[in-house]
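Reading through the structure tokens given below for one structure.
For this chain, numbers begin at 1 and follow the sequence in order. No hydrogens, no waters, no symmetry mates; every other heavy atom, side chains included, goes into these values.
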Amino acid sequence: VRWSHQQDAKARPNSRFSANVNAGTSTNFSNNFSTTSNDYLTNTFTSNISYSKTIPNSPFNFTVNARHSQNTLNKSVSVTLPEAGFNMQRIYLYDKSKISGKGNALTRTLSQIGVSYSSNFKNEINTYDSLISVSQLENLAGDFRNGVRHSIPVSTNIKAFKYLTITPSYNYNEVWYFESLKSDYDTALDAVVSDTIGGFVRNGSHSTAVNLSTKIYGTALFKNGKIVGVRHVFTPNVGLSYVPENK
């Protein structure tokens, strides 16, 4: 199967669709007389189908992808179907345009705190091309690996003493699984035995950091020569981060 498609950017300004597919059985690429010499000499073939959309007048957008990779020498196949992402661009906790005058301390602080969000879902399988058939779909369904990752970063900028910029940030990540491994020690076998357990499992982690930076300007003037002077800028930066142990 060969398929190549590229959507005109002017057709739908808020969405984009593209496809580049090159897939087949291992025997086709090695034995078919219609196969090109490039296919015969190439061992790896890949495919990618992508769709993305930006929701008008909002900070939200999402993407959906399908990927494929195969090796005709060892007949291995890797398929990601689907891989979906949902994102929210950075927004502020309080709209700056609604602040009258200087506003109070709370509204000024909230108007400087930005929050964004991203999530990614992936469903993938690694198998062999001889196992991909309609009769094997039920067995293949149990071999898919999947999960969801969420990320919520929060940050702001604070001006201090006119010349210093303090940038504190906080990041929360969470991962969702639909299967997990349970390991136990088997005294009879004198070994650790692992078993796959179905069901929803989540795991979260967080970190925080703070950076301090400033700018130092300087000018060096020359009395002789074509170069009158040189202006330079130093930007020293120091940061501290903390990641709690994830148990």
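- When atom types are taken as modelled, the side chain of Thr63 and the backbone of Ser52 share no donor-acceptor pair closer than 3.5 angstrom.
- Sorted by first then second residue, the salt bridge (Lys or Arg N to Asp or Glu O under 4.0 Å) pairs that include residues 110-121, not counting sequence neighbours, number zero.
- Neither Ile152 nor Val175 shares a network with the other; the hydrophobic side chains, linked directly or stepwise wherever heavy atoms of I, L, V, M, F, W or Y lie under 4.5 Å apart, form separate groups for each.
- Within the 4.5 Å cutoff, side-chain heavy atoms of Lys53 are placed close to those of Phe62.
- No donor-acceptor pair closer than 3.5 Å links the side chain of Arg149 to the backbone N or O of Lys122.
- Atom OH of Tyr117 sits about 4.5 Å away from atom NE2 of His150, to the nearest 0.5 Å.
- Proximity of Ser69 to Thr44: side-chain heavy atoms (C-beta onward) are separated by under 4.5 Å at one or more points.
- In this structure, the side chains of Val148 and Phe178 come closer than 4.5 Å at one or more pairs of heavy atoms.
- Cluster partners of Leu189, by chain and number: Val193. The rule joins Ile, Leu, Val, Met, Phe, Trp and Tyr whenever side-chain heavy atoms lie under 4.5 Å apart.
- Pairs of residues two or more places apart, or lying in two chains, that qualify as ring pair (Phe, Tyr, Trp, His ring centres under 6.0 Å) and include a residue from residues 182-208 are Tyr170-His206, Trp176-Phe200.
- In this structure Gln89 satisfies the side chain to side chain contact (heavy atoms under 4.5 Å, CB included) test together with Pro59, Asn61, sequence neighbours excluded.
- The backbone N or O of His68 lies less than 3.5 Å from no partner atom in the side chain of Ser78, so there is not a single donor-acceptor pair.
- Nearest heavy-atom pair, Ala23 versus Gln70, reported as atom, atom and distance to 0.1 Å: CA-OE1, 3.5 Å.
- In this structure a side-chain-to-backbone donor-acceptor pair under 3.5 Å is present from Gln7 to Ser15.
- Legend: residues meeting ring-ring contact (aromatic ring centres under 6.0 Å, His included) with Phe234, ordered by chain and number and at least two apart, are His232.
- Between Val115 and Leu93, the closest heavy-atom pair is CG2-CD2, 3.7 Å.
- Using a 4.5 Å cut-off between side-chain heavy atoms of Ile, Leu, Val, Met, Phe, Trp and Tyr, Ile227 falls into a hydrophobic cluster with Phe222, Val230.
- The cluster map of Ile, Leu, Val, Met, Phe, Trp and Tyr, joined by side-chain heavy atoms under 4.5 Å apart, puts Tyr92 and Val154 in different clusters.
- Nearest heavy-atom pair across Gly114 and Arg90 is CA-NE, 3.4 Å.
- When all heavy atoms are compared, the tightest approach of Tyr172 to Gly204 is OH-CA, 3.8 Å.
- Minimum interatomic distance between Gln112 and Asn157 (heavy atoms only, all atoms of both residues): OE1-O, 3.6 Å.
- A donor-acceptor pair under 3.5 Å links the side-chain atoms of Thr214 to the main chain of Tyr163, judged by distance alone.
- By the side chain to side chain contact (heavy atoms under 4.5 Å, CB included) test, Asn123 is found to be paired with Pro82, Phe121, Phe144, Asn146, residues two or more places apart in sequence or in another chain being considered.
- Listed by first and then second residue, the salt bridge (Lys or Arg N to Asp or Glu O under 4.0 Å) pairs that reach into residues 188-210 are Glu174-Arg202, sequence neighbours excluded.
- The other members of the hydrophobic cluster of Phe161, by chain and number, are Ile158, Leu164, Ile166, Val210, Leu212, Val238, Leu240 (side-chain heavy atoms under 4.5 Å, ILVMFWY only).
- Counting heavy atoms from C-beta on, the side chains of Phe86 and Ser119 come closer than 4.5 Å.
- Taking the side chain as every heavy atom from C-beta outward, Asp143 and Thr127 never approach each other to under 4.5 Å.
- Enclosure of atom OH in Tyr51 by more than 12 non-hydrogen atoms of other residues, nucleotides or ligands within 6.0 angstrom is indicated.
- Taking the side chain as every heavy atom from C-beta outward, Ser76 and Asn126 never approach each other to under 4.5 Å.
- Note that OG1 of Thr72 and CG of Asn43 are 4.5 Å apart. Values are rounded to the nearest 0.5 Å.
- Leu221 forms part of no hydrophobic cluster, judged by ILVMFWY side-chain heavy-atom separations under 4.5 Å.
- Residues Thr54 and Asn14 have side chains that never bring a donor and an acceptor to within less than 3.5 angstrom of each other.
- A salt bridge (Lys or Arg N to Asp or Glu O under 4.0 Å) check over residues 9-23, counting only residues at least two apart or in different chains, returns nothing.
- A 4.5 Å side-chain heavy-atom check between Thr80 and Asn65 finds every atom pair outside the cut-off.
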* **Stepwise side-chain hydrogen bond (donor to acceptor under 3.5 Å, both in side chains) test for Ser194 and Lys182** => CA-CA 5 Å; Ser194 299; Lys182 182 180 180 182; over 6 Å; no
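- Within the 3.5 Å criterion, the main-chain N or O of Asn22 finds a donor-acceptor partner in the side chain of Ser47.
- Once rounded to the nearest 0.5 Å, the distance linking OG of Ser205 with CG of Asn171 reads 8.0 Å.
- Rounded to the nearest 0.5 Å, atoms OH (Tyr177) and CG (Asn203) are 6.5 Å apart.
- Applying the salt bridge (Lys or Arg N to Asp or Glu O under 4.0 Å) test to every pair with at least one member in residues 55-78, sequence neighbours left out, gives these pairs: Arg67-Glu83.
- Taking each heavy atom of Pro244 and Ser207 in turn, the nearest pair found is CD-CA, 4.4 Å.
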